[in-house]
2 protein chains.
Amino acid sequence: MESQDIRKAGLKVTLPRLKVLEILEASEYRHMSAEEVYKELLVRNEDVGLATVYRVLTQFEQAQLVSRHHFEEGHSVFELNQGDHHDHIVCVDCGRVEEFFDETIEQRQDDIAHGLGFKVSSHSLYLYGSCTKENCEYREK
Amino acid sequence: MESQDIRKAGLKVTLPRLKVLEILEASEYRHMSAEEVYKELLVRNEDVGLATVYRVLTQFEQAQLVSRHHFEEGHSVFELNQGDHHDHIVCVDCGRVEEFFDETIEQRQDDIAHGLGFKVSSHSLYLYGSCTKENCEYREK
DNA sequence: GTATATGCAAAACTTTTGCATCCTT
DNA sequence: AAGGATGCAAAAGTTTTGCATATAC
């Protein structure tokens, strides 16, 4: 299924790479740190080292299979790309991450960058706040 | 001058704190990592440890004297607060940082967050691209 | 068979912390 | 004088790298 994507990126289709993709796909939160991916591999009894997780995630990022985000937490979190660009809102209490896309914001960003003489290559917009969901509580790492 | 602000924050007015403020004020780039602040202290022959730089910057952040940003680089960068909120556009080639504020974007952000049931506490918007300035070149750390 | 990928351990980098000493108030 | 602040060194957390072995093609 996704092994085509790995091959297209010029990478060999290996077990660690398949497993990492699988875990990102199955993730309830859709946004995982390298450590979280590694822990999930341990739970599944897969023999993959943390260094490999970092290498694979970095390669996937370069191949644009995943996106790397820098939320306020201080470490990178990764998300499987599904073709669509979107921005993020992160609950500071429970860690929940929701996505959104707003054409108006996108448009304004381009106009502003252009006005300042920049050629934009990427951008990141993160909103932080409290989601008001019933099951909101601090999420264990 | 600024020593009032330090006192108001409930902190003693010490040489390290004054020096850090001074350096942030004088910074050409206005956005410095802890390491860059520390190196500037060394240049100026001030006897301040790196651990103190981190402690002071964190305290200043809590006192809202400075803002901490997480650009793509991976480490924190700090900026002196001057009262106004603004967003950032970072040149991926030379590291130049420019600031902007857009009421439309701010408004859309609030509306979106509200629509998703979030109470927003903060946000960060970073645009990345190439500034097209003549003196644009990779900036040494 | 060959080149690439992996696991492990060690290293690099950023940030925090413990503790004895020093400085501000 | 007393409590907070600092420097240094050590530790903690995240990410990268070297190298011998294993795996995909």
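Keep in mind the model is a prediction, meaning the values are calculated, not measured. Atom set for the values below is all heavy atoms of this structure, side chains included, hydrogens, waters and symmetry mates excluded. Chain A is the first sequence line, chain B the second, and so forth, proteins listed ahead of strands; every chain is numbered from 1.
Residues A/His70 and A/His75 place their aromatic rings such that the two centres sit no closer than 6.0 Å.
Rounded to whole angstrom, the span from the NE2 atom of A/His70 across to the C1' atom of C/dT14 amounts to 13 Å. Between A/Asp47 atom CG and C/dG7 atom C1' the separation is 7 Å, expressed in whole Å. Straight-line distance from the CD atom of A/Gln62 to the P atom of C/dA5: 12 Å, rounded to whole Å. Separating the CG atom of A/Leu18 from the C1' atom of C/dA5 is a distance of 13 Å, rounded to the nearest angstrom. Whole-Å rounding puts the A/Lys19 NZ to D/dA24 P distance at 13 Å. Nucleotide C/dT14 holds its P atom 16 Å from the CZ atom of B/Phe71, rounded to whole Å. Atom-to-atom, CD of A/Glu46 to P of C/dA5 comes out at 19 Å; the value is rounded to the nearest Å. Here the C1' atom of nucleotide C/dT15 and the CD atom of A/Glu73 are 16 Å apart, to the nearest Å.
A salt bridge between B/Arg30 and B/Glu99 is present, with a side-chain N of the basic residue lying under 4.0 Å from a carboxylate O of the acidic one. For the pair A/Arg44 and A/Glu22, the salt-bridge criterion is met [side-chain N within less than 4.0 Å of a carboxylate O].
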Heavy-atom protein contacts under 4.0 Å, nucleotides 9-16 of chain D, coded B base, S sugar-phosphate only, - none: B----SBB

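A donor-acceptor pair shorter than 3.5 Å can be found between the side chains of B/Glu79 and B/His86.
Between B/Lys19 and B/Glu40 there is no side-chain heavy-atom pair separated by less than 4.5 Å. Side-chain contact between B/Phe101 and B/Glu103 is present, with at least one heavy-atom pair separated by less than 4.5 Å.
The only member of A/Arg68, A/His69, A/Glu61 that meets side chain to side chain donor-acceptor pair (under 3.5 Å) when paired with A/Ser76 is A/Arg68.
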Table of protein N/O atoms under 3.5 Å from nucleotides 21-25 of chain C N/O atoms:
from, atom 1, to, atom 2, distance (Å)
C/dT24, O2, B/Lys12, NZ, 3.2
C/dT25, OP1, B/Arg7, NH1, 3.1
C/dT25, OP1, B/Val13, N, 3.3

Pairs under 3.5 angstrom only: tabulate donor-acceptor contacts from the side chains of residues 105-116 of chain A to other protein residues two or more places apart or in another chain.
from, atom 1, to, atom 2, distance (Å)
A/Glu106, OE2, A/His85, NE2, 3.1
A/Gln107, NE2, A/Asp111, OD1, 3.3
A/Arg108, NE, B/Asp102, OD1, 3.1
A/Arg108, NE, B/Asp102, OD2, 3.2
A/Arg108, NH2, B/Asp102, OD1, 2.4
A/Gln109, OE1, A/His123, ND1, 3.1
A/Gln109, OE1, A/His123, NE2, 3.3

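The shortest non-hydrogen separation linking A/Leu24 to A/Phe78 is CD2-O, 4.1 Å.
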